[in-house]
Amino acid sequence: MASDSKQSKYLTVYIHYNGLFARKPLVYLNAVVVSIRDVDFGAMDFKDFNLFIAKLIEGSCDNVYYCTRNEPLAEGIRRIRNDADYFEFIETGYSDEAGLRMNVYIDHENEPVLDWADMEVMEDDEGHYSEEDLDDDIDSQLSDDVPYEHEADDYIPSLDKTIGDEFLHRVSGMCKDIDDEAETDEVETKNGDDKPVYPIHNENQKWDKMVPILGMRFSNPMELKNCLTNYAVKNGYNLYFEKNDSQRLLVRCCKENKNPSCPFRLWASWMSSERSFQIKSLVDEHNCSRVFKLGSIVTYKWIGMHFKNQLVKNPKMSIRKMKAKVSTKFNLIVSVTQCRNAKRYALDEIEGSLMEHYGKVWSYGEEIMRTNPGSTVKIDVNVMPDSTTYFSKMYVCFKGVKDGWIAACRRVIGVDGCFLKGICRGQLLAAMGRDANNHIFPIAWAVVEVENKETWKWFLDLLLDDIEMGIGHGLTLISDQHKGLIEAVKERVPTAEHRQCARHIYANFKKRFKGEQYRKLFWAAAARTTQPKFEAEMNSIKKIDPLAYEHLMERDPKSWCRAFFEVDRACDAYENDISESFNSIIDLARKRPLITMLEEIRIYAMERMYKMLQEGQSWGNLKICPSIRLKISKLKKQQRFWGVIPSGIQQYEVRIGNDGYAVDLNNNTCGCRSWQVSGIPCVHAVTAISYLNRNAEDYVAPWFHTAMFLTCYNHTINPLNGSSMWPEAPYMKPLPPQKRRLPGRPTLKRKKDQSEMESKGKTRHTISKAGSVNRCTICRERGHNRSTCPTRPADVASTSRPKNKKPKKCKKEKGKVEPVQVDPVQANPVDPVQVPAPQVDPVQADPVDPIQVPAPHVEPVQEDPVDPLQVPAPHVEPVQADPMDPVDVPAPPVDPVQVDDPHPDVDVPAQPVATRQRIRKYSERITKIGLRRKVLKKEGSTGHNPMVLE
């Protein structure tokens, strides 16, 4: 039971149930929340609490988690399994941090919630950001328009087998971190002679657990300084070194000129009886407050050592981001210069370790050749004029792997390249085969600086020699559309069938021709096994857009359509799915250094061959492999829709509606060509075989038999010794490859397609106009707007204006009135002086009212608020009659465009021409004319003077 002292106030427990946990970030979704405030949870034990929760939610509660209200779920979640966990839950609830409020979560799906939380915390501590996808392989992020054809591999490997090798993980970011837990300091009180034995400092202890102890022994003064720095950062003590040399160390807290004196004092020097640096006196008392700027005791080396592993994984971490992480993690304020020096120091340390890592390449190759005779290991280096040697590329193919492929694998190989993501830059080239169960079978792999025609030629030459295929006769290669690879295949493997991944073909096709209709027609055309049906699908595309048809025909349909595949390869795959599967399996290994990555791949292949052999032996008397049996069982369910018409001995015609296919069981052929291409009976062949009451498995190609599967995995990869036992090679140790700096500013993230963003839940709320073509509003043609229309008249103003550019305002001089063009609507209707009207554009003229109307009696009109020129209206007295024409004369007919002067004898001064005029928009003029008409209609008065609306 919990102590009674905590019962003065009850805990407020918020119980979340009927929901589920989700990852990245860790949250509890769709939950029903019930708050309990009047229950004394401190008086319960785990059993009582479990019964209470089960009664409340009306169900089982085997997985119960809790977290404080003010703590992120990934960092503070814990599980309640027994009484000890429950008492810790109560203690946490009554602590000051929780504030008598706790969250309880019920997991109904048995999810590994604690593992998810640990992974998120690890990623946050190790600096995994969204920018980490540097140089990510675009092939591994293609949209999932069509599922992969091959069966999923049940064997999920763990690529952490070399985690214990200190050399292999020294620069991989996976070695033991400074922040990891370690054993406490070794403390002994007395030995057999009653002499005190002082504790020994453990430098592998977690940094925030280090505390100076009187009599503690260190190997050198630097260890003590590092311990004191950790101690000061953890508690916020402003320690400084008053005396600091190789023989002694005096440490105090708070300089007198800045803060009141603090009693803390530490004195350390070398021991006389042994070679140890010992704390001789210690006053471990503080009366000072916490500070956040610790001065010189926090050096750039200390910061660099704490960020070394993070910089291994993300060398492009910015200085500002490092400064922010120091402030968040250590509650410490450091300068930008300190972080810059820390990053430089950490990268120099990594570079020194990396040179040592690449220096072991020759030894690693020698160890492979010693333990696996007959294997192929090729290492190329670049020798500079000054005899400096740089690593260039490395190829590995084990004896057991190539023997297994030659003995029992189909002559189909998928080749692909992917980027390395860790501190070692370059690309990994790999060749993947297919076993009898249609799973991946790694054959060979190589590391190169860059993927181009020359490196692919080098890789294919070595691969063809290992698998004994010469110039590729009887071989099928499946790859993406890399130009260097396509040219290398033409030169090195001229007689081989070269298939290109249809997924990559469609990815490029979709950039120009978007739409669901295009997608369905493309994949229907790629899956057709006869040429007439392929042409029918392509004609459907041609009717929609001839350019789309020409685009696909230029990509050589023989490389991506089943209708043109060879019939003796027992493989109908038109996607390079096996290579994509391998790239995803080794995704974690690709972030490791060179030799570490190669070792992880080797261990994966070695362990997988053993696992597959054990799995194949467990199948018993099965004639064909399970994945092939599954396909045939699906075909048997479809055979009931087909009818069989016997023709001759072992010859039949299988029909459904207007479709009919000839099946020849003697030659294992069908008119649809699917049986010949895949090696597995199609639905028509299965129908004919069932008509004879025979087993369709007897007609499957021998490549898919269980005996072939066991023969393939009967070969093994021999184990290697640890890195400390590798033999020394009599060659000059190569340096890491020279860095290739591409022109322009380096990008931090790969440009992702919209389909990839949608697959991750990042959808748009509006329709994107990317890739759309503008249409002109004048000529209705595509490719331009009305501003650049070639048919636009010269006197028609453009409606467009450059962005962020306002029209210039006219400068006015003092004492000078600048003439302004006056709109006819705004002109004084009483003014008898008739100025010749300017030429009116027929587009801007009022097409509604070209007829003369009598001028009504108009009161003084104020300034039009719509007028953008802001010209003040002249003062007009109320007019009853024209002062210059006392005789009432009916208004003569006036032309809408040109008005005769009724007073030819009066000298009228010429109106000055405006030097800066703004052409009024057509819509604006129509609006002003409409407003003027409303005013005239509302007043309804008639005048003697004419008024013409233009």
Side-chain angles (χ1 to χ4, degrees), residues 146 149-151 410-412 434 436-438 474 476 497 499 502 523-540 557-558 560-575 622-709:
V146 174
E149 288 293 329
H150 85 299
E151 299 294 334
R410 288 164 284 171
R411 300 301 181 252
V412 179
R434 293 171 180 261
N437 201 28
N438 217 16
T476 294
E497 179 192 19
R499 303 179 188 176
W523 289 110
R528 297 306 180 190
T529 55
T530 59
Q531 189 169 350
K533 289 188 176 295
F534 166 76
E535 293 176 352
E537 300 293 347
M538 293 300 296
N539 289 334
S540 300
K558 294 182 179 180
W560 53 269
C561 178
R562 288 174 176 171
F564 306 97
F565 288 172
E566 298 291 340
V567 296
D568 58 344
R569 309 300 161 82
C571 180
D572 61 350
Y574 51 78
E575 295 175 315
L622 292 181
K623 184 177 182 179
I624 62 174
C625 296
S627 63
I628 313 302
R629 289 171 55 89
L630 180 61
K631 287 185 177 182
I632 292 179
S633 64
K634 293 179 180 180
L635 294 175
K636 289 181 179 180
K637 296 179 181 179
Q638 304 174 9
Q639 68 178 2
R640 65 180 184 273
F641 302 107
W642 294 82
V644 180
I645 304 174
S647 174
I649 300 177
Q650 302 289 325
Q651 294 180 351
Y652 303 91
E653 182 178 339
V654 182
R655 301 188 61 86
I656 180 175
N658 295 329
D659 293 335
Y661 299 95
V663 178
D664 188 351
L665 299 182
N666 291 323
N667 299 320
N668 291 354
T669 60
C670 179
C672 69
R673 293 184 72 253
S674 178
W675 192 0
Q676 298 92 296
V677 173
S678 65
I680 303 173
C682 59
V683 63
H684 320 115
V686 171
T687 304
I689 294 170
S690 299
Y691 181 79
L692 297 177
N693 292 327
R694 295 183 180 178
N695 189 1
E697 297 181 2
D698 297 335
Y699 291 86
V700 176
W703 293 111
F704 302 103
H705 288 185
T706 305
M708 282 291 190
F709 185 87

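Quantities reported herein were computed from a predicted structural model and do not represent experimental measurements.
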Problem set entry | Heavy-atom closest pair, residues Ala696 and Val686 | CB-CG2, 4.3 Å
Problem set entry | Sequence neighbours excluded - salt bridge (Lys or Arg N to Asp or Glu O under 4.0 Å) pairs with any residue from residues 644-666 | Glu653-Arg655
For this session: Can you measure from SG (Cys672) to NZ (Lys533) and round to the nearest 0.5 angstrom?
Result: 10.0 Å
Seminar exercise, completed: Value for CD1 (Ile649) from CG (Leu665), rounded to nearest 0.5 Å, stands at 12.0 Å
Seminar exercise, completed: Output for pair (Asn668 CG, Tyr699 OH), nearest 0.5 Å, gives 7.5 Å
Exercise. Would you say Gln676's side chain and Cys670's backbone share a donor-acceptor pair under 3.5 angstrom?
Worked result: yes
Exercise. When you measure from the side chain of Arg499 to the backbone N and O of Ala573, does any donor-acceptor pair fall under 3.5 Å?
Worked result: yes
Exercise. Is the side chain of Ser627 donor-acceptor paired with the backbone N or O of Asn437 at a distance under 3.5 Å, no angle test?
Worked result: yes
Exercise. So, do Asn438 and Lys631 sit near enough that their side-chain heavy atoms are less than 4.5 Å apart?
Worked result: yes
For this session: Give the minimum heavy-atom separation between Ala436 and His705, together with the two atoms involved.
Result: CB-O, 3.7 Å
Problem set entry | Contact summary for Asp572 and Phe565, nearest pair of heavy atoms | O-CE1, 4.1 Å
For this session: Could you walk me through whether Glu697 and Ile628 pass side-chain contact (heavy atoms from CB on, under 4.5 Å), step by step?
Result: CA-CA 9 Å; Glu697 297 181 2; Ile628 313 302; over 6 Å; no
Problem set entry | Arg411 side-chain N/O to Asp568 backbone N/O, donor-acceptor pair under 3.5 Å | no
Seminar exercise, completed: Interatomic distance, OG@Ser678 vs CZ@Arg673, rounded to 0.5 Å, equals 10.5 Å
Exercise. Which pair of heavy atoms, one from Cys625 and one from Phe709, lies closest together, and at what distance?
Worked result: SG-CB, 3.9 Å
Problem set entry | Which residues share a side chain to side chain contact (heavy atoms under 4.5 Å, CB included) with Thr687, sequence neighbours left out | Gln639, Trp642, Val644, Val654, Val683
Exercise. Does any non-hydrogen side-chain atom of Tyr652 lie less than 4.5 Å from one of Pro646?
Worked result: yes
For this session: Would you give the length of the straight line joining atom CD of Glu535 to atom OG1 of Thr530, rounded to the nearest 0.5 angstrom?
Result: 9.0 Å
Exercise. So, the side chain of Thr706 versus the backbone of Leu622: is there a donor-acceptor pair under 3.5 Å, distance only?
Worked result: yes
Exercise. Is a side-chain donor or acceptor of Arg410 paired with a backbone partner of Ala570 at a separation under 3.5 angstrom?
Worked result: yes
Problem set entry | Contact summary for Ala685 and Val663, nearest pair of heavy atoms | CA-CG1, 4.0 Å
For this session: Could you grab the distance from atom NE2 of His684 to atom CG of Leu635, nearest 0.5 Å is fine?
Result: 9.5 Å
Seminar exercise, completed: Closest heavy-atom pair, Phe534 versus Cys561, reported as atoms and distance to 0.1 Å, is CD1-SG, 3.3 Å
For this session: Check for a donor-acceptor pair, side chain of Glu497 on one end and backbone N or O of Glu566 on the other, with a separation under 3.5 Å.
Result: yes
For this session: Report yes if the side chains of Cys571 and Trp703 come closer than 4.5 Å at any heavy-atom pair, otherwise no.
Result: no
Exercise. Hey, are the side chains of Val677 and Thr529 touching, using non-hydrogen atoms and a 4.5 Å cut-off?
Worked result: no
